[in-house]
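Structure, as C-alpha cells:
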Amino acid sequence: MSLQQENPRYQPYKGAAAGWGALISVTRFWLDSKQPFKNLRALLKTNQNGGFDCPGCAWGDSPEDGRVKFCENGAKAVNWEATKRRVDPAFFARHSVSSLREQSDYWLEYQGRLTEPMRYDPATDRYQPVTWDDAFALIARHLNALENPHQAEFYTSGRASNEAAFLYQLFVRAFGTNNFPDCSNMCHEASGVALGQSVGVGKGSVTFDDFEHADAIFVFGQNPGTNHPRMLEPLREAVKRGAQVVAFNPLKERGLERFQHPQHALEMLTNGSEPLNTAFFRPALGGDMAAIRGMAKFLLQWEREAQAKGEPAVFDHAFIAEHTQGVNAYLSAVDDTRWDHIVQQSGLSLEEIEQAALMYRRAERVIVCWAMGITQHHHSVPTIQELVSLQLLRGNVGRPGAGLCPVRGHSNVQGDRTMGINDRPPVALLDAIERRFQFKVPRENGHNTVEAINAMLDGKSRVFIGLGGNFAQATPDSPRTHSALQSCALTVQISTKLNRSHLTVGGDALILPCLGRTDIDRQAEGPQAVTVEDSFSMIHASFGQLEPSSKQMRSEPAIIAGIAKATLGNHPVDWDAMIANYDRIRDLIADTIPGFTDFNRRVANPGGFHLGNSAGSRRWNTASGKANFHHHPLPADLVHAKIRETGQEPHLILQTLRSHDQYNTTIYGLDDRYRGVRGHREVVFANEADIRRLGFEPGEKVDMVSLWSDGVDRRVSGFTLLAYDIPAGQAAAYYPETNPLVPLDSHGVGSHTPTSKFVAIRFEKARPSLRIV
Ligand SMILES: Nc1nc2c(c(=O)[nH]1)N[C@H]1C(S)=C(S)[C@@H](COP(=O)(O)OP(=O)(O)OC[C@H]3O[C@@H](n4cnc5c(=O)[nH]c(N)nc54)[C@H](O)[C@@H]3O)O[C@H]1N2
Ligand SMILES: Nc1nc2c(c(=O)[nH]1)N[C@H]1C(S)=C(S)[C@@H](COP(=O)(O)OP(=O)(O)OC[C@H]3O[C@@H](n4cnc5c(=O)[nH]c(N)nc54)[C@H](O)[C@@H]3O)O[C@H]1N2
Ligand SMILES: [Mo]
C-alpha cells in the first residue's frame, strides 16, 4: 500500500458488493500487515465462541450458527489492530509533535501500535517515556487539584468493553461527576432519546432471528455494504424468501443494490449476483421524516377507505387500543400535514411515497433499520419517533419478524451505555450504585460531547481523559475542538494507535497504550476475557488471541484502576483485586445493572445471553405505561435559521460520510471501491448539472465554506469536484476531513448530535493550499 496520495481517480464500480473485490482487498491488507498467517488464525476466531469479538461494527450474528463469521471490513479492523509496526519511544524521539501534526490521519495511525506510556515535554516538543506509576500520579495530582469534579471530562469511545466501561463510570462517579461525553453523542444518541420516550427503552427491539421472519425490511440512511457488511447476508436471505428490502438513501449505495456473499462459493465462481432490494428511494437530505409522514398519510387514507367499504382494516386496532396512547393526536397531525409540504421536503414524488406505503402495507411483518443518515440531523428525534409511529399503526413492534432496529456503530457502544456511560444517567442506575457502593453519587446531569467542548473552550473544564477514540477528529468544528483540548491543563489519551488527539496537547499530556480486543490480556489470576453487547442486546465474551506487541501495554480496566487508585485510594472498591480477575468486576455489574444477574455463569454459555428488551416483549417502560405516538409538525424549513441569517443561499447541502477504507477517523487506505474512488479522500461528490450550474467543472478543485451566522470562517481547501449520481442540491464528502465545516452549535434537538448529514455549503475557487489541522 502506498502512502503517497495519488491523483484522484474515479471510475464507476461495476462489480457486486462483497464479492471477489472484497476478498482481494482483504488479502492485500493481510499481506500488508506483515504477519499474514498469524492474522488469518486470529481472524478465524472472530465472533466464534472462545475467540474475540470483532472490533468492527456492532452487528450481531445468529448465536446458533457455527460458521466462521467475518467480513472484509471486520478483517481490516482486526488486521489494523494486529499490526507488528510499533510507535515506540524511538519513534517519538525522532518526531516532534509539531512535525507529526503535519502528517495525515492516515499516516499517523499507519505507524503502528503504541507501546509505552509517554508524557509530553513542552521544552522539546516531544513525547518522552514515563512510568505507569508516574503517569497515574500525574493524573491524580491534576484531578485532585481541581476546584470541583465537574471540571474534568471523561470521554469514552464505543470499543471499550463492559468491564472497562463499568469500572470507568464507577471511578468517575466516585470522583464526583457525570461528565461522560461519549461517541454515542455523535452517533445513535437520537435513537436512544426517541425510543426511550416512545417505547420505553433506547435500544432496538429486534433480535437476529427476527430478520428471518420479516416480510419487509426497510433500511433508512445506512450503508451496510461498507459499515455493516455482515448485515448483507440476512438481507439477501430475506430477498431469497421473497421478502422485500426497501432502501431510503440519496446515494445508490452498492451494498444495497446487489451483492455477493464471499462465503457462497458457487456465486463467487459464476461471479453472479442477484438484485437485492426491491425498491430504492432517494430522499432529500433530512427528508425522511416527510417521506414517512407521507407513508402514514396514505395508510390513513386507505384505512378510511377500508372502513367505508367494510374491508379488513389497515391499522392494527387491537394493538393500538391495548398498547399505545396518542394515536388520535398523531393522526390529526398526519391529516394536518399538507401533501405539497411532504413532497417538497421529502425530495420524493407522490407516486414514490405511495409505492413505499404500498410495500409497507403489503408486508405482514416489518423491520425498520436506520443509522447515521437518520440520526445526524437537526430533527432526528422527531424523525425516529415518526418511524416508531408508523410501526405502531400496524402493530409492528414486539412480535416476531417485526420491530425497530437502530443499527449501532462501534462494537460495544450499546454495552457502554448499558454499563452507565451516560451524561444523563437514569435515577435507577444512580440509586443502584449508591446502594451497592455506599457513596453519594452525583445527581446532576453531566456534559455530553458538545457541552464538553464548550466547557473546555470556556475554561470551565481543565482535564480531558479519553478512553479510546479520537476526540480531536471525530468532533465537529475541528479548529475549535482542537483549541478546546489545547486549553486544558491535562489531556490523557488511552489508545491503541497514534492519532491527532495525541497531538492536540494540553499543558500536560499523556499517551497511555492499551491492549485491544485481539490481544491476550494476562492478569494476576490468569488470562482474562471481557464482554460486549451487540445491536441485538446479546452479551458475549471476547478472549484476546494474539501476543501483545509490548509488555508495557496495559488493559483498559487496568489503566482505569491505576488512575482510580492513584486518585481515590482503595475507594469504593479494591481496584487491584478487580484487575486480578475480571469475574469480580462482572460480579459488581451483576449487583448493579438490571439484566445481569448471575453474569459470570450466563456469559460462559456458548453464544452468550440475551439481555431482553421490554419493547420487544410489549412491555412499555414509559411514563404512560404504553407505547407513545408522538406527534411533531414537519420542520417548516430544513435549512436552519442560522444558515438563513447569513443571507447567502447554500450552493448545496453536504453530508459527511464514510468511505469503504476507513473506520471512523481511522483511515485504512485511500480508496472507496464501491463509489469508484481511488487514491484520494479530498473529494466532494456532486451532481454534474449542479457543478456546471454553479460555474465549475468536474475535476476542478474547490474550497468548501460552511454557512452559519456566527462570524466564524469554516472552510476546507482543495477538494476535487467529482461528478456523481447524487440527487440535485446535495453533496457528499468524507469525514473526518470535513469536520471543520460542521458548526459546534448545529446539533439535533433533544440529542445534541452534530448535524453531520446536513451542512449548508458554498463552493469557492480553490485558494492556494491552506492546511487545516
Ligand atoms: N467499515 C466500517 N464500519 C463501520 C464504521 C466505519 O467507519 N467503517 N463506523 C461504525 C460506526 S461508529 C457507525 S455509527 C456506523 C455508521 O454506519 P452508516 O450510518 O452506514 O455510516 P455513514 O457512512 O455515515 O453512512 C450514512 C448513510 O446514510 C445516507 N444518508 C445520509 N443522509 C441521509 C438522509 O438524510 N436520509 C437518508 N435516507 N439517507 C441519508 C448516506 O448516503 C449513507 O449511505 O458504522 C459502523 N461500522
Ligand atoms: N462529520 C462527521 N463526524 C462524525 C461522524 C460522521 O458521520 N460525520 N460520525 C460520528 C460517529 S457515528 C462516531 S461513533 C464518532 C467516532 O468517534 P471515536 O470513537 O472517538 O473515533 P474513532 O475514529 O473510532 O477512534 C479511533 C481511535 O481509537 C483508538 N482505539 C482503537 N481501538 C481501541 C481500543 O480497543 N481501545 C482504546 N482505548 N482505543 C482504541 C485508536 O487510537 C484510534 O486512533 O465520530 C463521529 N463524528
Ligand atoms: Mo457511530
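The figures that follow rest on heavy atoms only: side chains count, while hydrogens, waters and symmetry mates do not. In this text the structure is predicted, and so the values were computed from the model without any measurement. Counting starts at 1 for both ligands and their atoms, in listed order.
- Under a 4.0 Å heavy-atom criterion, Lys757 is in contact with ligand 2.
- The nearest heavy-atom contact from the protein to atom 30 (N) of ligand 1 is Gly373 CA, 3.5 Å.
- In this structure, a donor-acceptor pair under 3.5 Å is present between the side chains of Thr449 and Asn185.
- Within the set Arg159, Arg500, Glu556, Arg113, the minimum heavy-atom distance to atom 36 (N) of ligand 2 is found for Glu556.
- Near Pro283, with a cut-off below 4.0 Å to any heavy atom, the atoms of ligand 1 are 38 (N).
- Between Thr665 and ligand 2, a contact under 3.5 Å exists for at least one N or O pair.
- Ligand 1 places these atoms under 4.0 Å from at least one heavy atom of Cys57: 47 (N).
- Counting heavy atoms under 4.0 Å from ligand 2, residue Asn499 touches it through the side chain alone.
- Using a 4.0 Å cut-off between charged nitrogen and carboxylate oxygen, Lys76 and Asp661 count as a salt-bridge pair.
- Side-chain contact annotation: Gln493 with Ser501, donor-acceptor N/O pair under 3.5 Å absent.
- Counting heavy atoms closer than 4.0 Å to ligand 2, residue Gln376 contributes side-chain atoms (C-beta onward) but none from N, CA, C or O.
- Salt-bridge check for Asp88 with Arg113: failed, with every basic side-chain N at 4.0 Å or more from each acidic carboxylate O.
- For the residue pair Ser555 and Tyr582, a side-chain donor N or O sits within less than 3.5 Å of a side-chain acceptor on the partner.
- Taking any N or O of Asn223, backbone or side chain, at least one lies under 3.5 Å from an N or O belonging to ligand 1.
- Aromatic pair Phe536/Trp59: centroids less than 6.0 angstrom apart.
- A salt bridge links Glu72 to Arg673: one of the charged nitrogens lies within less than 4.0 Å of a carboxylate oxygen.
- Across the listed options Thr656, Leu285, Asn249, Thr375, Asn249 owns the non-hydrogen atom lying nearest to atom 42 (O) of ligand 1.
- The closest protein non-hydrogen atom to atom 8 (N) of ligand 1 is Gln662 O, 2.7 Å.
- Looking at Cys514 against ligand 2, only its side chain comes within 4.0 Å, counting heavy atoms.
- The closest side-chain donor-acceptor pair between Thr531 and Glu163 falls under 3.5 angstrom.
- Taking distance alone, with nitrogen or oxygen atoms compared against 3.5 Å, Met186 stays at or beyond that limit from ligand 2.
- The shortest N or O to N or O distance between Asn739 and ligand 2 is under 3.5 Å.
- Using a 4.0 Å heavy-atom cutoff, Gly158 is absent from the residues neighbouring ligand 2.
- In this structure, CG on Leu546 lies 6.5 Å from CG on Asp519, to the nearest 0.5 angstrom.
- The nearest non-hydrogen atom to atom 13 (C) of ligand 2, considering only Tyr734, Tyr735, Phe471, comes from Tyr735.
- Protein heavy atom in closest approach to atom 37 (C) of ligand 1: Asp288 OD1, 3.4 Å.
- At least one heavy atom of Gly286 sits closer than 4.0 Å to an atom of ligand 1.
- Residues Asn179 and Asp423 have side chains that never bring a donor and an acceptor to within less than 3.5 angstrom of each other.
- Less than 4.0 angstrom separates some heavy atom of Ala371 from each of these atoms of ligand 1: 19 (O).
- Counting heavy atoms under 4.0 Å from ligand 2, residue His410 touches it through the side chain alone.
- Within ligand 2, the atoms closer than 4.0 Å to a non-hydrogen atom of Ile494 are 37 (C), 38 (N), 39 (N), numbered from 1 in the order shown.
- Protein heavy atom nearest atom 44 (O) of ligand 1, with residue, atom name and distance: Glu253 OE2, 2.6 Å.
- Atoms of ligand 2 lying under 4.0 Å from any heavy atom of Ser157, numbered from 1 in the order shown and given with element: 18 (P), 19 (O).
- In terms of protein heavy atoms, atom 19 (O) of ligand 1 is closest to Met372 N, 2.9 Å.
- The nearest heavy-atom contact from the protein to atom 14 (S) of ligand 1 is Cys187 SG, 3.2 Å.
- Every heavy atom of Thr738 sits 4.0 Å or more from the atoms of ligand 2.
- For Asn223, there are no side-chain hydrogen bond (donor to acceptor under 3.5 Å, both in side chains) partners, not counting sequence neighbours.
- In terms of polar-atom proximity, defined here as any N/O pair under 3.5 Å, Asn73 does make such a contact with ligand 1.
- Which parts of ligand 1 touch Thr226 is read off a 4.0 Å heavy-atom cut-off, strictly below it: atoms 1 (N), 2 (C), 3 (N).
- Heavy atoms of His377 approach ligand 1 to within less than 4.0 angstrom.
- When hydrogens are left out, the protein atom nearest atom 7 (O) of ligand 1 is Asn664 N, 2.7 Å; that is the closest non-hydrogen contact.
- Remark: distances from the non-hydrogen atoms of Thr496 to ligand 2 include one below 4.0 Å.
- Among the candidates Lys252, Arg282, Arg675, the single residue satisfying the salt bridge (Lys or Arg N to Asp or Glu O under 4.0 Å) test with Asp725 is Arg282.
- Looking only at atom types and distance, the side chain of Glu81 has a donor-acceptor partner in the side chain of Thr518 under 3.5 Å away.
- For Arg658, the closest heavy-atom approach to ligand 2 falls below 4.0 Å.
- A distance of 10.5 Å separates CD1 of Ile465 from CD of Glu153, quoted to the nearest 0.5 Å.
- Using modelled atom types, one finds no donor on one side chain facing an acceptor on the other under 3.5 Å when comparing Glu189 with His752.
- Distance from atom 21 (O) of ligand 2 to its nearest protein heavy atom, with residue and atom name: Asn470 N, 3.6 Å.
- Near Leu251, the atoms of ligand 1 lying under 4.0 angstrom from a non-hydrogen atom of the residue are 42 (O).
- Close placement of the His410 and Tyr663 rings is indicated, their centers lying within 6.0 Å of each other.
- Near Gly468, with a cut-off below 4.0 Å to any heavy atom, the atoms of ligand 2 are 37 (C), 38 (N), 39 (N).
- In Ala77, neither the side chain nor the backbone holds a heavy atom less than 4.0 Å from any atom of ligand 1.
- What sits closest to atom 18 (P) of ligand 1 on the protein, heavy atoms only, is Asn227 ND2, 3.3 Å.
- Here His228 has side-chain heavy atoms under 4.0 Å from ligand 1, and that is the only part of it that gets that close.
- At a heavy-atom cutoff of 4.0 Å, ligand 2 is contacted by the side chain of Ser756 but not by its backbone.
- A centroid separation of less than 6.0 Å is found between the aromatic rings of Phe248 and Phe220.
- Checked by distance only, ligand 2 and Gly469 come closer than 3.5 Å through their nitrogen or oxygen atoms.
- Near Ser495, meaning under 4.0 Å from one of its heavy atoms, ligand 2 places the atoms 39 (N), 42 (O).
- Two residues are said to be in side-chain contact when any heavy atoms from C-beta on lie closer than 4.5 Å; Leu510 and Met118 fail this criterion.
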Run the side-chain contact (heavy atoms from CB on, under 4.5 Å) check on Leu256 and Asn249 step by step: do they pass?
-> CA-CA 9 Å; Leu256 288 167; Asn249 198 313; 4.2 Å; yes

